[in-house]
Amino acid sequence: MAADPVEDFANQLSERYRLHFDAALDRTRIGLDESRLRRVWETSFLSSHDFADEVAAYAKLPRAGYAELKQASPLVARFSRRFLRQTFAFPYAGPDGTARLAVADPWDQATCRAAELALDEPVALYVAAYDDIALILRETLDDEAQEQAEVIASSRPDDVENLRDLASGAPVVRAVNDLIEKAIDMRASDIHVEPFRNGLVVRMRIDGMLRVVPAPTLIVPEAIISRIKIMASLDIAERRLPQDGAARVRIGASDIDMRVATMPRQHGESAVIRLLPRDRGLLDIKKLGLFPADEAKLTRILELPHGLVAVTGPTGSGKTTSLATMLSILNDPSRKILTIEDPVEYEIEFVNQSQVKPSIGLTFAAAMRAFVRQDPDVIMVGEVRDRETADISIHAALTGHLVLTTLHTETASAAVPRLIDLGVEPFLLRSTLRAVIAQRLVRMLCERCKKPEILDADTCARDRRYGALGLKVGDRIWRPTGCERCNGAGYRGRTGIFEILEMNDEVHQLIGERADASAIDRAARAAGMTTMIEDAVAKCLAGATSPAEALRVTTVR
């Protein structure tokens, strides 16, 4: 075996799939306790199961699937939960009673030695997928946690000191930490903790959809909410007003930034936790979901020396990710890049990022006024939401800066009348606006369980939505099914659908005439713009998503 098996394996993988792993293998860019093999997987385009197949074949070790791990007898009693989750290792007994260790990284010799010491016997190594190990650990360790829960809920705490003591107790701390760990394992973006008349309800937003998960048992809701408030440095005595806070926690080998918002309700305070992993991976234009034609458009737009580029869509449509990817493309030592965001979700090296703080007067407009005196080349303003910010952004684009921003509009063409409504003069808009990118996020079908279907005449006649989408008899689409990998949802992960409105002479003329969004939309489509619904249909035919998902996030026009 090579002196560095991870690097040798990555080189072999890069030759086969034409991938590039230099950044993933750079020891200076990852934590001391972070697996380099995991970084290779995260920067590849392989699913966790395909990646595990490649690892097992290269390491010449047997492969363990989720079904085998589920049926086996776990041997986790002698291990700390943090160790197992951090190392992605699952010890279990084989059919013959011998000890086995399912690992995602078979070259992590320290984990193998630690397992043998803990079990006091040799272990047989098996390779399993990262997702399968995370899922089986969550199920196994949650069962044990429920057996160990010891909190007496006979008296509801009303005084602050009693509540603080209860919230700082080991069972409550463990319960909240387990919720956060479970959310990370399930790839959730938000945790909603909501007390109702019949008890506490916990929901997690996974791939844009809320899903109910088991709530901590035998713990009063006030203690859970108070623990969350303590973590976010909020006032646990204030229960009448909403509060916002932030915290940073370490889960396994990852640092997680949390944004916490509480809200008083009829049956007690609720809390929403937004999870923002600090290491969000490499921002790659290939991962946005753009088709080659739109990718070429975006690359051409970002080569412009100055002007305004707006990304539009509702909250949660991936605008921040798209902007961060654009910044990573523009990020170069020869350029000075300044951003003002609310909040800073992606930390990008060499980019000067600031966060708005309205309480002290640091608003988008105030930051923009300061930015133009900092000699920047590129400015990113998180959102144009008022006339003052719009005016400063337009003038910054006029004076030789490339300005990136977001708007809340339904389509790309609707951004033009929206900016005019905010007080931007049409003649200034004609001179500065270079492009508008509208987008939504659709859930991707699970690669393991999706099923193909050929549309026939009866199906198209029974469901007229296919005709509205432009699908016809004989087209092959794919449907969600559900398996253990996607937790029965049929979908796993999300991708973007886009429409990119580039300015041309006809659109410039319509802007000067203060034309409405529909006229601009017709002109853009005549010039070759692909609409979001057309982009979504193309992804349906390619097997990336389903027609129902396409219609969930956008409309036919």
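Positions are given from 1, in the same order as the sequence printed here.
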K.L.:
Nearest 0.5 Å please: distance from the CG atom of Leu419 over to the CG atom of Asp391.
P.N.:
11.5 Å
K.L.:
Give me the atom names and distance for the closest heavy-atom approach of Thr545 to Ala536.
P.N.:
CG2-O, 4.2 Å
K.L.:
Have a look at Tyr346 and tell me which of Thr320, Thr339, Leu327 forms a side chain to side chain contact (heavy atoms under 4.5 Å, CB included) with it.
P.N.:
Thr320
K.L.:
Give a yes or no answer on whether the side chain of Asp244 reaches the backbone of Ala261 with a donor-acceptor pair at less than 3.5 Å.
P.N.:
no
K.L.:
Sequence neighbours excluded and cut-off under 3.5 Å, please list the side-chain donor-acceptor pairs for residues 485-494, or say none.
P.N.:
unit_1	atom_1	unit_2	atom_2	d
Arg485	NE	His49	ND1	3.2
Tyr491	OH	Ser546	OG	2.7
Arg492	NE	Asp131	OD2	3.4
Arg492	NH1	Arg485	O	3.3
Arg492	NH2	Asp131	OD1	3.0
Arg492	NH2	Asp131	OD2	2.3

K.L.:
Side chains of Trp107 and Asp8: does their closest heavy-atom pair fall under 4.5 Å?
P.N.:
no
K.L.:
Out of curiosity, Asp342 CG to Ser354 OG, how far, rounded to the nearest 0.5 Å?
P.N.:
12.0 Å
K.L.:
Under 3.5 Å, which donor-acceptor pairs do the side chains of residues 363-375 form with other protein atoms, sequence neighbours left out?
P.N.:
unit_1	atom_1	unit_2	atom_2	d
Thr363	OG1	Ala366	N	3.2
Arg369	NH1	Glu388	OE2	2.2
Arg373	NH1	Arg369	O	3.2

K.L.:
For the pair Arg248 and Asp257, find out whether any cationic side-chain nitrogen is under 4.0 Å from an anionic carboxylate oxygen.
P.N.:
yes
K.L.:
How would you list all residue pairs meeting salt bridge (charged side-chain N to carboxylate O under 4.0 Å, His left out) that involve residues 292-305, not counting sequence neighbours?
P.N.:
Lys286-Glu295, Arg300-Glu502
K.L.:
Going by distance alone, is a donor N or O of one side chain under 3.5 Å from an acceptor N or O of the other, for Asp475 and Tyr466?
P.N.:
no
K.L.:
Can Asp535 and Lys539 be counted as an ion pair, charged N to O under 4.0 angstrom?
P.N.:
yes
K.L.:
Does the salt bridge (Lys or Arg N to Asp or Glu O under 4.0 Å) test come out yes or no for Asp207 and Arg187, once each step is laid out?
P.N.:
CA-CA 8 Å; Asp207 295 334; Arg187 303 173 298 104; 3.3 Å; yes
